[in-house]
Engineer: 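One structure is given below, represented as structure tokens, and several questions about it will come after.
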Number of protein chains: 2
Amino acid sequence: MMKIDQQAILKAATEILNTKGIAALSMRAIAANLDVKAASLYFHIKNKNDLFEQISEGISQRVFEKLNRVDEPDLQRLMDVFRAELKRIQDSPQIFSNTAPFTPYRTRLIQFSLDHLQQLGVPQQFTATAGNLLNNYVLSFVSDEQYFSRVDSSTFDESQFKSPINMADPDDSFQYGLNLIFAGIRVQSKNG
Amino acid sequence: MMKIDQQAILKAATEILNTKGIAALSMRAIAANLDVKAASLYFHIKNKNDLFEQISEGISQRVFEKLNRVDEPDLQRLMDVFRAELKRIQDSPQIFSNTAPFTPYRTRLIQFSLDHLQQLGVPQQFTATAGNLLNNYVLSFVSDEQYFSRVDSSTFDESQFKSPINMADPDDSFQYGLNLIFAGIRVQSKNG
DNA sequence: ACCTGAACACCGTTCAAGT
DNA sequence: ACCTGAACACCGTTCAAGT
């Protein structure tokens, strides 16, 4: 009998996400993973939404800590670290989409974005829009990455390898979109 | 007894979405709306995912048709029309996110984006990235719009009106983000 | 303090049976 | 051809009851 606590529940949930995806993440599945009954989980967590918030908040905390392991962290580093941490948990972008962005570390990351955008010259009334654009970019990008890595491996199609279209490397693609956004921010700020 | 067909099911589903949102959109709720039992729906549609695809495909078709009601449609018009049609159905962005983008009209819209991006000088290997960026921007933007319009009306807070922070008009915000992306595309293309 | 059995109010989907 | 009753295999959540 392991000790069941929030940590253990979080770990079991992450394990299910990374092996079977969010569609298989039921309270009953988490409980089974911990050799316990579903009802027991509610002694440790409020509900499933609370669990989702803990997952997204945990990711946000790790992003925040890695972010500040460098002298002068900027938006480029935020996005790189954010993407890397999202990729560590299958379907994490969906979890972010399904939770309100008001937990402590997640709020810190938003504040970091807004501060840096303002510093880059984004007009105050549009920092939220630009911040959402960045946030949604990384969430959507990782969501697409994880989606296609599932589709590609399930519907294995040899013709894809003969295809003359050379798909860009995911890292390059991510950076292309980021550069595009950063360039756009610079232009908008000059003209503002 | 109304005649129950795909059209009627689609209409009932849309009605539920616009009154109660996607969380209330169950097969049983759709059936009840049509004075029929849930099992009957499966005589007309394959399953719930099929219904989701019909909803997103219907939106895509209307976007495509409105798009071509003008002489030389461009990406600006695509995004404006897309946003307008998404806003007509509550939670439509989530429906797009939960369906594969391989239906006919939806494919046409993607092709339209890719063609125009290439014409703007986006390198071939990055047209998909830029297209996804645009697509995800409008989906995320409308999703946020619909989310906050729900939160604001439920947790009515008078202090928000006294707040000195002037939030930008949604239309202006949307255009700001679009201009940012378009400006970024132009810069990337010059340097490419 | 922590866990469970049992139940409640739901899901999507199938299928033999009805008309 | 079209609809339904009944069932199957699930959900999240609650709560009295157990230890």
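Within every chain, numbering begins at 1; the chains are lettered A, B, ... in the order of the sequence lines, protein sequences first and strands thereafter.
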Engineer: Report the distance from atom OH of B:Tyr42 to atom C1' of D:dA6, rounded to the nearest whole Å.
Structural biologist: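 B:Tyr42 atom OH is separated from D:dA6 atom C1' by 15 Å.
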Engineer: Could you give the CG-to-P distance, from B:Leu41 to C:dG12, as a whole number of Å?
Structural biologist: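 In whole Å, C:dG12 P and B:Leu41 CG are 10 Å from each other.
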Engineer: Distance only, no hydrogens: is a donor on one side chain within 3.5 Å (strictly under) of an acceptor on the other, for A:Gln94 and A:Asn98?
Structural biologist: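 There is no such pair between these side chains.
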Engineer: Whole-Å distance between D:dT14 P and A:Asn47 CG?
Structural biologist: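 My rounded result for the distance is 7 Å.
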Engineer: Within the structure provided, determine whether A:Asn33 and A:Glu15 are in side-chain contact (heavy-atom separation under 4.5 Å).
Structural biologist: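 They are in contact (side-chain heavy atoms under 4.5 Å apart), so the answer is yes.
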Engineer: Quick one: is the NZ or CZ of B:Arg150 closer than 6.0 Å to the six-membered ring centre of B:Tyr147, and within 45° of its axis?
Structural biologist: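 No - B:Arg150 does not lie over the ring of B:Tyr147 by the 6.0 Å and 45° rule.
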Engineer: Both A:Ala39 and A:Phe43 contact DNA chain C. Taking the nearest nucleotide for each, which residue is further toward the 5' end?
Structural biologist: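 Whichever sits nearer the 5' end wins; that is A:Phe43.
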Engineer: Please give the distance between the P atoms of D:dA9 and C:dA9 as a whole number of Å.
Structural biologist: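 About 22 Å, rounded to a whole number of Å.
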Engineer: Just the rounded figure in Å: distance from C1' of D:dC3 to CD1 of B:Ile30.
Structural biologist: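 Distance, rounded to whole Å: 17 Å.
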Engineer: Examine D:dA1: is either OP1 or OP2 under 4.0 Å from a nitrogen or oxygen in the side chain of B:His44? Give yes or no.
Structural biologist: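 No, because none of the side-chain N or O atoms of B:His44 sits under 4.0 Å from OP1 or OP2 of D:dA1.
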Engineer: Between A:Phe141 and A:Arg83, is there a cation-pi geometry (under 6.0 Å to ring centre, at most 45° from the normal)?
Structural biologist: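 Checked: cation-pi criterion not met.
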Engineer: Between D:dC8 and C:dC11, how far is it from one C1' atom to the other, in whole Å?
Structural biologist: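 After rounding to an integer number of Å, I get 12 Å for this pair.
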Engineer: Side chain of B:Ser26 only, heavy atoms from C-beta on: which candidate in C:dC11, C:dC3, D:dG12 is closest?
Structural biologist: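 Selected nucleotide (nearest to the side chain): C:dC11.
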Engineer: Would you say A:Pro73 and A:Leu78 make side-chain contact, with heavy atoms under 4.5 Å?
Structural biologist: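 No, too far: nothing below the 4.5 Å cut-off.
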Engineer: Need the pair for D:dG18. Rule: Watson-Crick or G-U wobble, both distances under 3.5 Å, any strand; none if unpaired.
Structural biologist: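 Matched D:dG18 with C:dC2 under the 3.5 Å cut-off.
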Engineer: Both distances below 3.5 Å, Watson-Crick or wobble geometry, any strand: find the nucleotide opposite C:dG12.
Structural biologist: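 The answer is D:dC8, by the H-bond criterion.
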Engineer: CG of A:Leu34 versus P of C:dC3: gap in Å, rounded?
Structural biologist: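 It is 10 Å, rounded to the nearest whole Å.
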Engineer: Judged by each residue's nearest nucleotide on DNA chain C, which is more toward the 5′ side, A:Ala38 or A:Arg28?
Structural biologist: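 Going by which nucleotide is closer to the 5' end, it is A:Ala38.
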Engineer: Between C1' on D:dC11 and CE on B:Met27, what's the gap in Å once rounded to a whole number?
Structural biologist: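 In whole Å, D:dC11 C1' lies 17 Å from B:Met27 CE.
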Engineer: Looking only at side-chain N and O atoms, does A:Ser40 come under 4.0 Å of OP1 or OP2 in C:dC2?
Structural biologist: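 For A:Ser40, the contact criterion (side-chain N or O under 4.0 Å from OP1 or OP2 of C:dC2) is not met.
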Engineer: A:Ile4 has an atom CD1; how far is it from atom C1' of C:dA1, in whole Å?
Structural biologist: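 Distance check: A:Ile4 CD1 to C:dA1 C1' gives 14 Å.
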Engineer: C:dG5 P sits how many Å from A:Lys37 NZ, rounded?
Structural biologist: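 Whole-Å distance recorded here is 6 Å.
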